[in-house]
Amino acid sequence: MGPLPIDFSPPINILLLGALATPIARALSSRLGKAAAQGCAIVALILSGASLYPLYQAVRAGPLSLVPADCEPSPLAACLSIDLMGILVASVAILLGIAAAVYSTRYRESEGSDAEYYALLLLMVAGMVGVGFSADFLTFFVFWEIMSVASYVLVAFESESAEPIEAGLKYAIMSAAGNISLLLGIALLYGLTGTLNFAYIAQAFKAEAATAAQDIWQLVALALILVGFGTKAAIVPFHTWLPDAHPAAPSPISAMLSGGLIKAGAYGLIRICTVIFFPLSRVWQPALLLLALLTMFTGNLLALMQDDLKRLLAFSSIAQIGYIVFGLATGTSDGLTGSLFHILNHALAKGLLFLCAGAFLYATGTRRIRDLCGMAKQMPVLGTIFTLGMLAIAGLPGLNVFMSEMWIIRAGIEAEQFLPTMLLIFNVLLSVVYYLRTIQVIVVGRPTTTVAEARPVPAAMLAPMAVLAGLCLVIGLYPDPFIRFASQAAATTWHGSAYLAALPTGGMAR
Amino acid sequence: MTTMPVQYYLLGAFALITIGFYCLITRRNMIRLVIAIDILSNAAHLMFIVFSSSAKPGFTQPLAHALVIISMAMDGCVVAVALALVMLAYRRYGTRDVRQLRKLRW
C-alpha cells in the first residue's frame with residue numbers, strides 16, 4: 001500500500017479514525033448500545049498508546065519529521081516533527097485519556113449521548129497529541145483549535161444544570177479570545193519571516209541580528225503569543241476561566257483539562273520560547289519569572305479559602321502551572337527538565353485527584369469538603385487512593401511530585417535566582433496547609449450522614465485511579481528512568497538545536 | 001496600475017482589532033461577545049492575507065491563504081458552539097445579559 005493521502009503519524013491517525021468510528025459504532029449496534037461507543041473509544045485510545053512506543057524507539061535517536069507524500073521539505077510545507085518532548089506530551093494525554101474513558105463508562109451511566117461524548121474525548125486527545133507533534137504553525141493551530149472546541153463542548157456537556165452552561169460560555173469566550181491573540185501573533189511572525197515553519201522562523205530570527213524596528217515587532221508577536229498560551233495554561237491575569245470550568249465539567253473531563261489541556265498550553269509556551277524566541281530570552285525570562293510567581297501565589301492563596309473540593313483542586317492546578325513556568329523561566333536546561341518532569345507528575349497526581357473527587361461526587365452527590373467528612377472511613381480503598389494522591393501533590397518525599405519540585409528548586413538555585421526560589425519554596429510549603437487540611441477532614445473526621453449513606457463506587461472507576469496512584473508511587477520510588485527521559489527531552493529541545501539540525505536535509509521524508 | 005500600500009491594510013486590520021476588543025470588554029450582550037470574537041478573528045485573517053501578498057511584489061504566497069480558509073472553518077465551529085451555549089443560557093435565564101449569570105464566583 002502506498003503512503004496515505006493524509007498521514008499524521010500513527011497515534012493521531014488512530015485517534016481521528018476512532019473519533020469518526022465511535023458514533024458510527026453506536027448507531028450501527030442498537031443491541032450493544034452504549035457499550036459499542038465505549039469499547040470503540042477505549043480500543044482506539046489503547047491502540048494509539050501502543051503505537052506511540054515504536055515511535056518513541058525511532059525518535060530516541062533524533063527528531064523524526066513527517067512531510068506530506070511527494071513533497072519536498074521547504075519553508076512552505078506543513079509538517080510534523082516528533083521529538084522526545086512531543087512524545088512526553090502525547091503519552092500524558094493518551095494515558096489520561098484512557099483513564100478518563102474507562103472511568104466514564106460507569107461515571108456517566110445515567111446520562112445519554114455517549115457517542116458524542118466519546119467522540120469529543122477522542123478529538124480532544126488527538127488535538128493534544130497533534131499539538132505535541134506539529135512543527136509548523138498551520139498544523140499546530142489546527143490541532144490547537146480541535147482541542148479547544150472539543151473542550152468547550154465537553155465542559156458544558158451536562159447541560160441540564162446551570163453551572164456547566166455558564167462556565168462553558170465563560171471558558172469558550174475567554175479561550176476563543178486567547179486563541180485569536182495567538183493567531184495574531186502567528187500572523188506577525190508570518191509577516192516578519194514569510195514562513196510558518198518553526199525551524200525556518202527560528203533560523204530567520206537567529207540570522208537577523210535583530211534590527212531595531214523588527215525587534216519591536218518580535219516583542220509584540222512574543223507578547224501576543226504569550227497571551228494566547230497563557231490563557232490556555234491559566235497563567236495568572238488570564239486564569240479566571242479555570243476555577244469555573246474545572247468544577248463544572250464532568251469529573252473525567254476535569255482530569256483531562258487539568259492534566260492535559262493546560263499542560264498543552266504550557267507545552268506551547270516551552271516550545272515557542274525555546275525554539276523560536278530563544279534569541280529574546282533576556283526578555284521572556286524575567287517576564288515569565290514574574291508571571292510564574294504571581295500565578296503560584298494567586299493559586300495557593302485562593303485555594304486556601306475554598307470549601308468545594310473540585311474548586312480547591314482547580315486553584316491548586318493554577319499554582320502548579322506556576323511551578324512549571326518557573327522551571328522554564330530559570331533559563332537552564334535543568335529547569336526545563338524539572339518543568340517537563342513536573343508536567344508528567346502533576347498530570348498523574350492531579351488527574352488522580354479529580355477522578356477521586358468525581359468518585360466522591362458519584363457516591364454522595366456533593367463536592368463540599370465539609371460534607372465529605374470521614375469519607376475514608378466509609379470507603380477505605382478510595383480513601384487510601386485519595387490520601388496518596390493528596391500526599392503526592394503536597395510534595396511528600398518518596399512520591400513523584402517531590403522529585404520534580406526538587407529539580408525546579410535546584411535549577412532556580414543554580415541559576416542564582418535566590419529570592420524567587422525562596423518564594424517558590426514558601427509556596428510549596430503554603431500549599432501543604434490546604435492539602436493536609438483536606439486530608440484531615442476526609443480521613444480523620446467522623447462520617448457525616450451524607451457519607452454514611454454513600455453508594456459504593458464501581459470497580460471500573462476504581463481501576464484507573466488505582467493505576468494512576470500506582471504510577472505516582474512508582475515514579476516517586478524509582479524516578480531515574482523518568483528523569484533521564486525528561487532530561488533528554490529538555491536537552492534536545494533547548495536552543496531548538498534539534499529542529500535546526502534537521503533543517504538542511506529536511507530530516508526524514510516519508 | 002497603482003496598488004495601495006500595505007500600511008493601509010494593516011491600519012484597517014488594527015481598526016478591526018480595536019473595534020473587536022472594545023466590543024469584547026464593554027458589551028454585556030452575549031451575542032455581541034460572540035460577534036466580537038468573530039471580528040477579532042477576521043482582523044487576524046486580514047493580516048495574514050496582507051502579509052501573504054506583500055512579501056514579494058506580484059506574487060501571492062498560498063500558505064497564508066490555506067491557513068485563513070481553514071481558520072475560517074474553525075471559526076465557524078467556535079461560533080456555533082458559543083451560540084449553542086448562549087441559547088442554553090437564554091433558555092434558562094431569559095436574558096442575554098452576561099452579568100445576570102450569577103452562579104459563577106470569582
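Residue numbers start from 1 in every chain, and the chains themselves are labelled A, B, ... in the order their sequence lines are given, proteins ahead of strands.
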Quiz item: Which one, I37(B), L40(B), V34(B), leads in non-hydrogen pairs under 4.5 Å with chain A?
Solution: I37(B)
Quiz item: Is the CZ atom of F21(B) crowded by more than 12 outside heavy atoms at less than 6.0 Å?
Solution: no
Quiz item: Mind checking whether L189(A) and F137(A) have side chains closer than 4.5 Å, heavy atoms only?
Solution: yes
Quiz item: Any side-chain heavy atom of L83(B) within less than 4.5 Å of one from V79(B)?
Solution: yes
Quiz item: Which bit of T193(A) comes within less than 4.5 Å of chain B, counting heavy atoms only: side chain, backbone, both or neither?
Solution: neither
Practice problem: Determine the minimum heavy-atom distance between A167(A) and V155(A), stating which atoms define it. | Solution: C-CG1, 4.4 Å
Quiz item: So what's closer than 4.5 Å to chain A heavy atoms on A84(B): side chain, backbone, both or neither?
Solution: neither
Quiz item: What part of A172(A) is in contact with chain B, defined as an atom under 4.5 angstrom from a non-hydrogen atom: side chain, backbone, both or neither?
Solution: side chain
